[in-house]
Amino acid sequence: MMPSENGLNFFLSDCSGQIRFTYQELVEDLLGGQPKRECASETGLLYRQLVIWLGQIIRHQPQVRWPGKSATGGGAQWLQPVSDSLAGRVHAMDFSDSSDLTLWRNVFLHSNSQILLETSGSSGQPKQVWHSMDTLTQGLRFSDRHRRAIWGLTYPVDHLAGMQVLFQSLLNTTPIINLFGSSTSNVHRAIDSFSISHLSCTPTFLRMLLADSQVHPTIQRLTSGGERLDARSLEGISGMFPQARLTNIYASTEVGAILVSHDDGFVIPEYLKGKFRIVDGELWLHESLKVENRMNSSDSNTFSQDQDDALFWPTGDQVEVLSDSPWKIRFLSRCHEGFNVAGYRVDPVRLETIARTHPMVADARFYGIPNSVTEHLVACDLVATPGCLAPETREWQEWLRPMVARHELPRIVNWVSSIDTTDSGKVKRR
Amino acid sequence: MDSLTLHVNEVLMVSGRSVVEKLYPEMRLRQDLGMDSLELAELTVRLEAAYGVDIFKNGLVATVGEVAELLNAGQE
């Protein structure tokens with residue numbers, strides 16, 4: 001088995017480089033049905049979960065769920081070895097041979113399995129959605145150029161964004177460095193020590209990085225999604241990642257990755273125009289875009305021409321129209337991230353954008369505290385810019401006061417070391 | 001009463017208003033201290049965080065004295 005184009009011959013590493021699993025090892029373990037090596041670390045656990053999960057997929061198990069931690073411990077139900085014919089073909093693979101590479105990809109892409117995903121839960125109860133390998137790998141690219149990538153994984157793999165990074169890397173046999181759960185300083189260190197070239201993360205994760213004065217010239221592709229990408233972050237990206245091309249993605253567990261752009265707006269492609277509606281500033285999508293309605297078609301990545309009015313559903317995403325021709329929109333916030341204060345609707349994402357323009361504020365989280373008087377009261381957690389003394393709260397509130405309505409002024413302000421995020425990296429609202 | 005004074009003054013300072021040196025039980029929150037709904041909301045949030053008592057759970061109370069009584073009852 002030949003090393004990848006970038007010279008690194010491993011599949012998965014922790015951010016320090018001390019725990020590594022090679023593609024050779026992965027192939028043996030997938031075919032055999034269980035990992036041979038014991039490894040009691042977070043990345044070791046992730047590897048074991050991947051052996052089970054990917055192993056189920058290549059065995060065409062009808063329904064595949066992400067294995068919990070207990071499924072990989074003592075008494076785990078490992079998989080049966082694959083058939084001799086499949087094992088024989090895969091063992092003989094040489095990843096430098098294009099036909100063998102195609103075989104490797106098809107072992108996964110041709111699986112009939114339905115794969116369960118849960119939504120991120122950043123804005124309500126998590127939902128369950130069944131994907132096919134077609135819908136899960138929608139938008140992924142395979143080429144010699146993509147085989148030179150070194151990926152930083154910042155999402156949990158059992159969420160859509162994490163799975164997309166996994167398959168983009170796995171099907172191009174490139175290395176993944178597990179950055180999920182790592183401190184910001186370790187992430188910076190790993191980007192440099194591994195010369196990470198591709199990073200996919202939420203704007204919240206990006207803001208944490210951008211708070212530090214570092215430059216990472218190795219990053220060539222930066223993919224952002226899951227939340228609104230604010231203007232201040234956009235400005236900061238070119239400073240920290242001078243060689244990076246930004247890809248902004250609109251994706252959800254329900255529809256997959258459906259829109260791509262290179263700035264903070266999205267042009268609705270012609271073939272999707274009939275499937276998008278904006279009602280009172282909220283984006284509505286046609287039912288035919290949902291993965292569950294595409295999985296039964298002969299090609300899961302084409303959409304039916306049905307535009308029945310009754311079949312549109314509200315996404316909960318607030319948008320603004322930037323232009324009509326081309327039809328370009330920008331995402332503002334999730335509708336239900338807002339809350340009521342004394343009868344007024346408050347948009348925490350808008351307030352966070354304003355708060356971050358203060359030079360001594362690196363990040364902010366606004367939220368509503370329930371109370372018996374006004375339903376909610378605006379509060380915020382603030383992260384001071386590294387190297388700066390946090391301003392006096394009163395002083396900061398006086399700075400903010402002219403820019404917000406009276407009911408929007410955060411009356412409770414906490415200075416914190418970091419902002420709470422969900423498992424998938426989004427600002428935690430509840 | 002001293003700690004209640006501190007919390008009331010926190011609320012007044014956020015609004016950019018002058019603090020009070022001393023609270024008296026008969027002082028009315030809205031008419032004498034001039035508190036509006038946002039300030040009352042902030043007061044109840046701060047007091048609940050400090051004492052675990054929602055002073056407005058059963059409706060708005062009128063005076064400083066009533067607030068103190070609810071806090072004392074909640075501490076027992």
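Not measured: the values here are computed from a predicted model. Naming convention: chains lettered A, B, ... in sequence-line order (proteins, then strands); numbering from 1 in each chain.
For V45(B), the part sitting under 4.5 Å from any heavy atom of chain A is the side chain, from C-beta outward, and nothing else. T44(B) touches chain A through its side chain: at least one heavy atom from C-beta onward sits under 4.5 Å away, while N, CA, C and O do not. Residue E48(B): no heavy atom, backbone or side chain, is found under 4.5 Å from chain A. Proximity to chain B (any heavy atom under 4.5 Å) is restricted, for R394(A), to the side chain, taken from C-beta onward. For R406(A), the parts sitting under 4.5 Å from any heavy atom of chain B are the backbone and the side chain alike.
Ranked by non-hydrogen atom pairs under 4.5 Å with chain A, the options A49(B), G16(B), S15(B) are led by S15(B). The candidate from R401(A), Q397(A), R411(A) with the greatest count of non-hydrogen atom pairs under 4.5 Å with chain B is R411(A).
Under 3.5 Å, the side chains of D317(A) and Y250(A) contain a donor-acceptor pair of N or O atoms.
When all heavy atoms of S224(A) and T202(A) are compared, the pair lying nearest together is OG-C, 4.4 Å.
A donor-acceptor pair under 3.5 Å links the side-chain atoms of N9(B) to the main chain of V20(B), judged by distance alone.
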* To do: Test side chain to side chain contact (heavy atoms under 4.5 Å, CB included) on M27(B) and T63(B) and set out the steps.
  => CA-CA 5 Å; M27(B) 276 175 160; T63(B) 67; over 6 Å; no
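At least one side-chain heavy atom of V8(B) sits less than 4.5 Å from a side-chain heavy atom of M35(B).
With a 6.0 Å radius and a threshold of 12 heavy atoms from other residues, nucleotides or ligands, Q31(B) has its CD atom above the threshold.
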